[in-house]
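Scroll down for the structure; my scribbles are underneath it.
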Number of protein chains: 2
Amino acid sequence: MAENIVQRLRDEIENGIVTNQFAPGDRLDEMQLAKHFGVSRTPIREALMQLGAIGLIEMRPRRGAVVVEPGPHRIYEMFEVMAELEGMAGSLAARRHTDTDRTELLAAHGRCEQSAKADDADTYYYDNELFHQAIYTASHSSFLIEQCTALHRRLRPYRRLQLRVRNRMKTSFSEHGGIVEAILSGEAELARALLRQHIAVQGDRFSDLVATLAQREVRPG
Amino acid sequence: MAENIVQRLRDEIENGIVTNQFAPGDRLDEMQLAKHFGVSRTPIREALMQLGAIGLIEMRPRRGAVVVEPGPHRIYEMFEVMAELEGMAGSLAARRHTDTDRTELLAAHGRCEQSAKADDADTYYYDNELFHQAIYTASHSSFLIEQCTALHRRLRPYRRLQLRVRNRMKTSFSEHGGIVEAILSGEAELARALLRQHIAVQGDRFSDLVATLAQREVRPG
DNA sequence: ACTCTTATTCTTGCATACAAGGATGTTGAC
DNA sequence: GTCAACATCCTTGTATGCAAGAATAAGAGT
């Protein structure tokens, strides 16, 4: 209970950032956070240090910590790398997946189908995360799983935006179908290519994203 | 100058880990480090938190921080991911490199040639790092550069070991030649494949690595 | 003699205190 | 009226202190 307070703080603040509760550019006041969480500044600082090391916040010397504002180009770069890592995970999953992985992947795919049919964007968003997590797991590379999970998490806010674009949800789900087939039939390179394309934010899709981001600039808060 | 002490501490400790001054499994005593660096425990702890977030050390609750011991399989996984990222960097470099990048890459390649010819493993080790850094830079993806640099750094100790294997240095340099050619002639996929293979620790090479690691187990300290 | 239990010590976890460097507001001069 | 300089305040950076849990050592019982 009085255990890893700093761990809890890190997760809470990270979550706040990822859910846009702390928007990019916001300053994270140590005393304010300390008061909010009912702890002293010390564990807050330690949590912030961790977030800074991961790259979620920027710690300007003597001037406090701010949530990083990646900028469209940088977000694009992050999606590029994510695409590559996901492709790798898919490739490995195609070669290494077990029966359990197969069951889990199909289950996750099934859940995506339901939320896609119900046109429930929020549920689909969540199920989609589980789907990708299932692929990571099936890669059986613990390090790759960690890397993918971390980056996936960092890209959360932008993926969420993307789902609002046109009928991205239906497109996304239909792409999932091909990916599942490729993985389960062991076609590593096909799985890689499909996943890479699935993630890659390029061409018109990227334009949409930038447009959406630009809109968000003029937010009330 | 007396600025970010914690930043300096982080770098110093990280360097100590990467250079095996702090060996895997070693416990990092806060008071000991504090005394050694002439500071209090607070900045030490904050530095350790950062290293923990990166994954270089493990912070066991109430039981102190220890340098992580990756284990051969995990090291293999890390090399796998590194290979993929390097391949991606090479591919992007082939498509995006500027004249400056070209000059830098050739210069780094030239330095590697000299140290390889001189059979100077230590210098080659350093020049090799610059060579790969030149490729990252030529990819013109700041995020990818950061990811590659971080992982490259984490794999330092093991790459160093690898260089001692057989005539790895000569082989490494000859592979560099093909990579340079592929990048400068814009053959993205060839560059990717060559770099991936260059990094990948597989088959006999991996056996060599494990053997070398096993030897290191019985170290004097 | 060996093991289990208990007490002591040592280290970590968190809070508080103090110093120092930016941010800000006010006042004065042009 | 505006800009600049100075003083004040506010936040961060670091040290220290105290409490609590884990490692360790000592003692008793089998």
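Just so it is clear: chains get the letters A, B, ... in the order the sequence lines come, proteins before strands, and each one is counted from 1.
Residue pairs meeting the salt bridge (Lys or Arg N to Asp or Glu O under 4.0 Å) criterion with at least one member in residues 47-59 of chain B: none, sequence neighbours excluded. Listed by first and then second residue, the salt bridge (Lys or Arg N to Asp or Glu O under 4.0 Å) pairs that reach into residues 85-98 of chain A are A:R96-B:E80, sequence neighbours excluded.
Rounded to a whole Å, the CD1 atom of B:I44 is 11 Å from the P atom of C:dT12. When rounded to the nearest whole Å, the span between CE of B:M49 and P of D:dT14 equals 16 Å. Atom-to-atom, NZ of A:K35 to P of C:dA15 comes out at 14 Å; the value is rounded to the nearest Å. In this structure, B:E46 atom CD and C:dC14 atom C1' are separated by 13 Å, rounded to whole Å.
Not counting sequence neighbours, B:R102 has no partner by the salt bridge (Lys or Arg N to Asp or Glu O under 4.0 Å) test. Qualifying ring-ring contact (aromatic ring centres under 6.0 Å, His included) partners for A:F173, counting only residues two or more places apart in sequence or in other chains: A:H109. The salt bridge (Lys or Arg N to Asp or Glu O under 4.0 Å) search around B:R153 returns B:E14, not counting sequence neighbours. Residues passing the side chain to side chain donor-acceptor pair (under 3.5 Å) test with B:D120 are B:T123, sequence neighbours excluded.
A:S172 and A:Y124 share a donor-acceptor pair across their side chains, judged by distance under 3.5 Å alone.
Using five terminal pairs a side, the axes of the helix from C:dA1-D:dT30 to C:dC30-D:dG1 at its two ends make an angle of 10°, given in steps of 10 degrees.
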With the criterion being N/O to N/O and under 3.5 Å, what pairs connect the protein with nucleotides 10-12 of chain D, and how long is each?
{"from": "D:dT11", "atom 1": "O3'", "to": "A:R27", "atom 2": "NH2", "distance (Å)": "2.9"}
{"from": "D:dT12", "atom 1": "OP1", "to": "A:R27", "atom 2": "NH2", "distance (Å)": "3.4"}
{"from": "D:dT12", "atom 1": "O2", "to": "A:R62", "atom 2": "NH1", "distance (Å)": "3.4"}

Side chains of residues 33-44 of chain B: which donor-acceptor partners sit under 3.5 Å, not counting sequence neighbours?
{"from": "B:S40", "atom 1": "OG", "to": "B:T42", "atom 2": "N", "distance (Å)": "3.2"}
{"from": "B:R41", "atom 1": "NE", "to": "B:E30", "atom 2": "OE1", "distance (Å)": "3.1"}
{"from": "B:R41", "atom 1": "NH2", "to": "B:E30", "atom 2": "OE1", "distance (Å)": "3.2"}

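The side chain of A:S40 contributes an N or O atom lying less than 4.0 Å from OP1 or OP2 of C:dA15.
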